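Structure first, then comments.
Model, not experiment: these values are computed from the prediction.
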Amino acid sequence: MKIIDGKNTAAEIRSELKTEIDKLKSAGKKVPGLVVILVGTDPASEIYVRNKAKACEEIGMKSKVELRDKEISEEDLLSLVNKYNNDEDYHGILVQLPLPKHINKDKIIDAIYPKKDVDGFHPISIGKLVIGKDTFKSCTPAGIQELLIRYKIETKGKHVVVLGRSNIVGKPIANILLQKKEFANSIVTVCHSAAKDISVYTKQADILIAAIGSPEFVKANMVKDGVVVIDVGINRVEDKTKPKGYRLTGDVAFDEVSKKASYITPVPGGVGPMTIAMLLKNTFKAYKMYGE
């Protein structure tokens with residue numbers, strides 16, 4: 001069994017991007033820019049945004065965080081998005097979710113110019129993904145594919161079983177891996193809560209991607225020997241022995257499933273760190289395509 005180290009892989013990606021950005025600086029060229037818009041004071045969102053800004057700084061990418069009060073009107077938020085649509089110093093725009101209830105999330109995402117949609121959530125980006133055109137892939141699914149590539153895990157003709165059908169992970173990773181392309185070309189099954197016995201499907205998986213937000217849901221008796229396990233779940237489970245009173249766990253019972261797996265991602269340190277790395281990679285891609 002091999003551990004798929006997302007933390008180390010994400011550091012490699014940041015290092016590669018830093019090399020490219022250093023070259024741009026040496027040539028006196030403009031560098032890629034990312035703006036993150038955060039509405040309100042959701043603690044988890046604040047941590048994510050802080051980590052994104054730190055990662056940009058580390059690689060020399062221009063970054064800005066626009067903080068707005070949770071009472072901001074939808075109209076004012078749309079105006080802010082539009083301001084950065086037209087700002088040539090920023091090649092990527094990310095609006096941190098969730099947004100307050102009075103703001104229509106879809107309306108805000110739709111307002112981002114597709115060429116700056118580095119989060120990969122715009123309907124045009126998703127539509128291009130489905131039909132196999134080059135586009136921005138949403139960051140967590142893109143990170144999953146990147147891990148499979150860098151660990152040289154064969155996907156062609158393999159049965160990939162995805163647990164979860166969210167718009168953020170389940171649906172996009174299914175679409176990415178069924179494309180008739182290199183590092184994809186898989187037979188994909190998407191499972192969700194309507195399945196009477198989900199283990200019927202998980203036992204068939206060559207590659208199992210768990211993204212259902214249910215702590216340690218996948219047990220050893222649900223997978224076959226040699227399975228590749230990608231655990232996207234990040235769940236807080238009460239644990240009085242820990243200083244914070246909880247521990248982080250994935251959607252997979254790591255201790256028992258890892259004994260049967262050929263490769264497995266840990267939680268934390270697996271898919272999580274890849275999300276920000278792929279956001280930086282998407283921003284660099286936006287710069288190369290539209291901003292140089």
Side-chain angles (χ1 to χ4, degrees), residues 5-38 45-67 80-97 109 111-122 124-126 128-129 133-152 172 176 181-183 271-292:
D5 188 337
K7 195 174 176 185
N8 193 42
T9 307
E12 281 175 14
I13 291 167
R14 291 195 303 274
S15 175
E16 290 161 9
L17 289 169
K18 185 179 186 305
T19 301
E20 292 301 315
I21 290 169
D22 285 348
K23 282 183 199 165
L24 295 171
K25 285 180 174 174
S26 298
K29 290 186 176 177
K30 184 192 284 191
V31 299
L34 170 69
V35 62
V36 179
I37 299 170
L38 174 62
S45 293
E46 285 180 328
I47 291 166
Y48 289 142
V49 168
R50 206 160 47 237
N51 288 342
K52 284 165 186 168
K54 190 178 161 191
C56 285
E57 190 184 340
E58 183 193 324
I59 67 167
M61 188 176 278
K62 185 183 177 76
S63 82
K64 189 173 186 180
V65 177
E66 287 279 12
L67 299 173
L80 183 62
V81 167
N82 199 44
K83 175 189 165 186
Y84 284 101
N85 279 335
N86 295 297
D87 188 329
E88 291 180 4
D89 286 337
Y90 293 93
H91 309 91
I93 301 170
L94 184 145
V95 178
Q96 185 66 45
L97 303 176
I109 289 169
I112 297 169
Y113 282 175
K115 71 177 187 178
K116 295 192 176 190
D117 172 40
V118 290
D119 224 3
F121 290 159
H122 194 285
I124 286 177
S125 302
I126 291 163
K128 282 183 169 181
L129 172 66
K133 287 193 170 182
D134 186 36
T135 189
F136 297 113
K137 298 169 186 168
S138 47
C139 301
T140 301
I144 294 168
Q145 187 183 36
E146 191 75 15
L147 286 172
L148 295 171
I149 292 167
R150 290 188 182 233
Y151 276 81
K152 297 182 170 58
I176 286 168
K181 291 183 175 180
E182 204 179 1
F183 312 121
V271 174
M274 294 296 292
T275 302
I276 292 178
M278 299 313 287
L279 173 67
L280 300 176
K281 207 167 176 183
N282 275 351
T283 305
F284 189 78
K285 177 178 178 167
Y287 166 82
K288 294 299 278 184
M289 286 172 73
Y290 305 112
E292 270 190 285

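- In this structure, the separation between CG on Leu38 and CG on Leu97 is 10.5 Å, given to the nearest 0.5 Å.
- For the pair Phe284/Ile59, no side-chain contact is recorded, criterion being any heavy-atom separation below 4.5 Å from C-beta on.
- Every residue was checked against the salt bridge (charged side-chain N to carboxylate O under 4.0 Å, His left out) condition with Glu46, not counting sequence neighbours, and none meets it.
- Heavy atoms of other residues, nucleotides or ligands lying less than 6.0 angstrom from NZ of Lys30 number more than 12.
- In terms of heavy-atom proximity, Asn85 sits nearest to Ala111 at ND2-O, 2.9 Å.
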Open item on the list: Show, in sequence, the C-alpha distance, side-chain angles and deciding distance for Ile109 and Val95, and conclude whether the side chain to side chain contact (heavy atoms under 4.5 Å, CB included) test is met.
Closed with: CA-CA 8 Å; Ile109 289 169; Val95 178; 5.9 Å; no
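- A side-chain contact (heavy atoms from CB on, under 4.5 Å) with Met278 is found for one member of Asp119, Val118, Ile13 and no other, namely Ile13.
- To the nearest 0.5 angstrom, Glu58 atom CD is 10.5 Å from Ile21 atom CD1.
- Nearest heavy-atom pair across Met274 and Gly6 is SD-O, 3.7 Å.
- Side-chain atoms of Gln145 come within 3.5 Å of backbone atoms of Phe183 as a donor-acceptor pair (strictly under, hydrogens ignored).
- In this structure, Asp87 does not pair ionically with Lys64, as no charged nitrogen and carboxylate oxygen lie closer than 4.0 Å.
- With hydrogens and angles ignored, the 3.5 Å screen pairs a side-chain donor or acceptor of Asp117 with a backbone N or O of Phe121.
- Taking Lys152 as the reference, nothing meets the salt bridge (charged side-chain N to carboxylate O under 4.0 Å, His left out) condition, with sequence neighbours excluded.
- Two residues are said to be in side-chain contact when any heavy atoms from C-beta on lie closer than 4.5 Å; Lys133 and Thr135 fail this criterion.
- Using modelled atom types, one side-chain atom of Thr283 and one backbone atom of Leu279 make a donor-acceptor pair closer than 3.5 Å.
- In Tyr48, the OH atom is not crowded: 12 or fewer heavy atoms of neighbouring residues, nucleotides or ligands sit closer than 6.0 Å.
- Heavy-atom neighbours of Glu57 CD from other residues, nucleotides or ligands within 6.0 Å: at or below the threshold of 12.
- Taken from CD in Glu12 to CZ in Arg150, the straight-line distance is 6.0 Å, to the nearest 0.5 Å.
- Proximity of a side-chain donor or acceptor of Asn282 to a complementary backbone N or O of Phe136 within less than 3.5 Å is not detected.
- Ion pair Glu20/Lys23 flagged as a salt bridge, since at least one NZ, NE, NH1 or NH2 atom sits closer than 4.0 Å to an Asp/Glu carboxylate oxygen.
- Minimum heavy-atom separation, Cys56 to Leu34: SG-CD2, 3.8 Å.
- With sequence neighbours excluded, the residues that form a ring-ring contact (aromatic ring centres under 6.0 Å, His included) with Tyr84 are Tyr90.
- Remark: the backbone N or O of Lys137 is not paired with any side-chain donor or acceptor of Lys128 at under 3.5 angstrom.
- One finds the CG atom of Leu280 at 13.5 Å from the NZ atom of Lys18 (value rounded to the nearest 0.5 Å).
- Minimum interatomic distance between Ile276 and Ala55 (heavy atoms only, all atoms of both residues): CG2-CB, 3.7 Å.
- Here CG of Leu94 is found 7.0 Å from SG of Cys139. Values are rounded to the nearest 0.5 Å.
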Task: From CA spacing to verdict: side chain to side chain contact (heavy atoms under 4.5 Å, CB included), Tyr287, Lys62 - done: CA-CA 11 Å; Tyr287 166 82; Lys62 185 183 177 76; over 6 Å; no
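- Leu17 contributes atom CG, which lies 13.0 Å from atom NZ of Lys285 (distance to the nearest 0.5 angstrom).
- Contact between Gly120 and Ile126 at its shortest, heavy atoms only, is O-CG1, 3.8 Å.
- Looking at every heavy atom in both residues, Val31 comes nearest to Gly60 through CG2-O, 3.9 Å.
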